[in-house]
Amino acid sequence: SGNQISTDPENNLSATVLKGEDLEALPEDPEELEAALQALAGGSAGPNGGQIYIDGFTGGQLPPRESIREIRINQNPFSAEFDRLGFGRIEVLTKPGTDRWRGQAFLNFNDSIFNARNPFSVNRAETKTFFYGGNVSGPIQKGKSSFFVDISNRDLVNTALVNATVLDSALNIVSFREEFTQPTKRFSISPRFDYQINQNNTLVARYSFTRTTSENQGVGGFSLLSRAFESTSTGHEFRLTETMIVNPKTVNETRFQYEWDRRDQTGDNSIPTVNVSSAFTGGGAQIGNNFNQNNRWELANNTTTSFGKNSQHAIKFGVRMRGASIKDRSESGYGGTFTFAGFAATGDPCDLNADNFVSSIEQYRCKVQGRTEARYNPSQFSLTTGNPEAEVSRFDIGAFITDDWRVRQDLTLSFGLRYENQTNISDNMNFAPRFAFAWSPGAGGARQPKTVIRGGAGIFYDRFSENYTLQAERFDGASQLQYIVPTGSAILGQSVFSADGRVTNVPTAEQLAQFAPL
């Protein structure tokens, strides 16, 4: 039972298994569900946080709650089957089809008429939550094949509050507090097909499609509506799992996954950004036409068996191969950014509050008024030029073997060894031994023991992401260049600013060539 303790490696104290009614207490929204699971898993070792496995595959979109059969958290943290330390690891198992027709549906609705206005805003932006979905499962060929399909759609309108200091039409410094809508839509559908090939072999196929759109991103705080950009993400996942019962003690499992994901972002970078520190950020979004396209595949084969007179050795070994190809386009900073930071001064006519400091908004106001003194010019101008596209690919391989040896009823020793390697940034000596023990004093006696003492040690991996290689190629000193013009340059005095954050006579890349790029 759940109240009994044992020396099995999977039954460590920090392990949590959620199924049945426990799952119903979790959020229905996939993003909120992931946040809740991360909170349950707690802190993890390494800078990249915990890992999420879905049906044994690394990464991918978290499925809707209704399609989840079981969630395992922090189980067997020292296992050599995984590259990272198991604290923070989340394993999600989806539901198979059933031998009877079953289904369910849900609907969540909320509207701004039921909610109070944001007390920090002068207006009340419309908000909405419309979230519906469901699932159905049943047999295709009774006793031979079945299916499970879930579908969900979320139409969410949140708000972002802009709390800034700006210039009005008469060039007076005024506060600006307004709430703007941020619509987000997410649609997903995930069919699963289970097929019994013969008495010893089964096949599971799953496909997932997800599409998310977001508007008015980048708005809020000091950032004005002119800096809004749109984002669209589309993802396809194909998964195949074949399980073979080799003999009564041995099971072999082969898994294959292919993912295709693309994220597009669109924002105006035809005009520069005007960053008036601690007052407002206006002008263009500096996004342009950006996209990130990922193609990933994963192939794994694991075998579980046991040997010994009483099967006291539980053996598991396997290999995993993965490949990734990324094509990325980034036009961030191609429109340029003017920065007003303010400056110390005594008796300056633009120091409206006579505090011996011309604030950033006071400096900007005098520039808009057309004052030509160099001290009112922008404190800095930056611009990115060059090729906005970059590509990278990576292949990695990992192999492992584990032995959970039940020495006695009160003692289990776990040994493991893992080896990994990858292209781009590689090392041929990536051997990672693992060891763990579980000792329960008094186990095997007449009374149920109440204590298990556990411990473990090992070497774990936290690999360099292919995104690091992508950034290294992009910022190699030739593909993309960033120019920064400091205060005092005559070029900064040529630009003309308006109260609404628009700029004319923006410095060109040819003019900036006299400055050394970063």
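With a 4.5 Å cut-off on side-chain heavy atoms, T181 and E215 do not count as touching. Within the 4.5 Å cutoff, no side-chain heavy atoms of I271 are placed close to those of V503. Side-chain contact check for K367 versus V276: every heavy-atom pair is 4.5 Å or farther apart. Between T210 and S233 there is no side-chain heavy-atom pair separated by less than 4.5 Å. Side-chain contact between T243 and V251 is present, with heavy atoms from C-beta onward closer than 4.5 Å. Residues Y195 and I140 fail the side-chain proximity criterion, which asks for heavy atoms closer than 4.5 Å. Counting only heavy atoms from C-beta outward, the side chains of F400 and N302 approach each other to under 4.5 Å. Using a 4.5 Å heavy-atom cutoff, the side chains of T339 and T273 are not in contact.
Using cut-offs of 30° and 60° for the angle between ring planes, the F497 and F340 rings count as perpendicular. Using cut-offs of 30° and 60° on the angle between ring planes, the pair Y53 and F82 is perpendicular.
Defined by atom type and a distance below 3.5 Å, a donor-acceptor pair is missing between the side-chain atoms of Q217 and S231. For the 3.5 Å distance criterion, the side chains of S190 and S208 qualify, holding a donor opposite an acceptor. One side chain, N292 or N294, offers a donor N or O that lies under 3.5 Å from an acceptor on the other. With 3.5 Å as the limit, one finds no donor-acceptor pair spanning the side chains of S223 and T281. Between T469 and R394, the side chains place no donor N or O within less than 3.5 Å of an acceptor N or O (distance only, hydrogens not considered). Defined by atom type and a distance below 3.5 Å, a donor-acceptor pair is missing between the side-chain atoms of T337 and N275.
Smallest separation of non-hydrogen atoms from A324 and E466: CB-OE2, 4.2 Å. Residues A279 and I361 approach most closely at CB-CB, 4.0 Å, considering heavy atoms. Of all heavy-atom pairs between S137 and G97, the closest is CB-CA, 4.4 Å. What you find for S330 and Q480 is that their closest heavy atoms are O-NE2, 3.3 Å. Counting all heavy atoms, side chain and backbone alike, V166 lies closest to F176 at CG2-CB, 3.8 Å. Here the shortest heavy-atom pairing between Q38 and I90 reads N-CD1, 3.9 Å.
A distance-only check finds a donor-acceptor pair linking the side chain of D168 to the backbone of A170 [under 3.5 Å]. Between the side chain of R255 and the main chain of G56, a donor-acceptor pair closer than 3.5 Å is present. Side chain of E230 to main chain of G267: no donor-acceptor pair is present (N/O by atom type, distance under 3.5 Å, no hydrogens or angles). Counting only distance, with no hydrogens or angles, the side chain of R65 and the backbone of L33 share no donor-acceptor pair below 3.5 Å. Q422 places a side-chain N or O within 3.5 Å of a backbone atom of I425 that can act as its donor or acceptor partner. For the pair N201 (side chain) and N198 (backbone), a donor-acceptor distance under 3.5 Å is absent. Looking at R329, its side chain does come within 3.5 Å of a backbone N or O of N289 through a donor-acceptor pair. Checked by atom type and distance alone, the side chain of T304 never pairs as donor or acceptor with a backbone atom of K316 at under 3.5 Å. Of the possible donor and acceptor atoms, none in the side chain of S152 sits under 3.5 Å from a partner among the backbone N and O of G133.
Ionic pairing of E81 and R89 is not present here: no N-O contact between side-chain nitrogen and carboxylate oxygen is shorter than 4.0 angstrom. Using a cut-off of 4.0 Å between Lys/Arg side-chain N and Asp/Glu carboxylate O, R263 and D261 are scored as not salt-bridged. Ion pairing between a basic and an acidic side chain is recognised when a charged N comes within 4.0 Å of a carboxylate O; R239 and E237 show such pairing.
Of the inter-residue distances, the one linking K128 atom NZ with D111 atom CG reads 8.0 Å to the nearest 0.5 angstrom. For the atom pair D328 CG and N467 CG, the distance stands at 8.0 Å (nearest 0.5 Å). The OG1 atom of T241 sits 6.5 Å away from the CG atom of D55 when rounded to the nearest 0.5 Å. In this structure, CD1 in I71 is found 12.5 Å from NZ in K19, a value given to the nearest 0.5 Å. Here the OG1 atom belonging to T402 is positioned 8.0 Å from the CG atom belonging to N76, to the nearest 0.5 angstrom. In this structure, the separation between CD1 on I197 and CD on E242 is 5.5 Å, given to the nearest 0.5 Å.
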Q) Going through the distances and angles, do E66 and F148 end up as a side chain to side chain contact (heavy atoms under 4.5 Å, CB included)? A) CA-CA 11 Å; E66 287 70 25; F148 181 97; 5.7 Å; no

Q.
Is there a side chain to side chain contact (heavy atoms under 4.5 Å, CB included) between R434 and F460? Walk through the geometry before answering.
A. CA-CA 9 Å; R434 313 279 174 87; F460 301 88; 3.4 Å; yes

Q | Intermediate values then yes/no, salt bridge (charged side-chain N to carboxylate O under 4.0 Å, His left out), D264 and R211 | A | CA-CA 11 Å; D264 291 271; R211 180 177 174 84; over 6 Å; no

Q: Show your working on ring-ring contact (aromatic ring centres under 6.0 Å, His included) between Y132 and F130 and close with a plain yes or no.
A: CA-CA 7 Å; Y132 65 88; F130 189 53; 5.5 Å; yes

Q | Check against side chain to side chain contact (heavy atoms under 4.5 Å, CB included), Q104 and N135 | A | CA-CA 6 Å; Q104 62 178 0; N135 61 77; 3.1 Å; yes

Q: Go through the steps to decide whether Q182 and S214 satisfy the test side chain to side chain contact (heavy atoms under 4.5 Å, CB included), and finish with yes or no.
A: CA-CA 7 Å; Q182 290 184 316; S214 301; over 6 Å; no

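When ring centroids are compared, F106 and F131 come within the 6.0 Å threshold. The ring of F193 has its center no closer than 6.0 angstrom to the ring center of F147. Taking the six-membered ring for Trp, F57 and W297 have ring centres at least 6.0 Å apart.
Around the NZ atom of K144, the shell of radius 6.0 Å holds more than 12 heavy atoms that belong to other residues, nucleotides or ligands. Heavy-atom neighbours of K185 NZ from other residues, nucleotides or ligands within 6.0 Å: at or below the threshold of 12. Open room surrounds CZ on F464; 12 or fewer heavy atoms of other groups in view lie less than 6.0 Å from it. Counting heavy atoms of neighbouring residues, nucleotides and ligands inside a 6.0 Å radius, atom CZ of R502 does not exceed 12 of them.
R322 meets the side-chain hydrogen bond (donor to acceptor under 3.5 Å, both in side chains) test with T58, D396; sequence neighbours excluded. With sequence neighbours left out, E126 forms a salt bridge (Lys or Arg N to Asp or Glu O under 4.0 Å) with no residue at all.
For the pair R418 and Y461, the cation-pi test (distance below 6.0 Å, angle within 45°) is failed.
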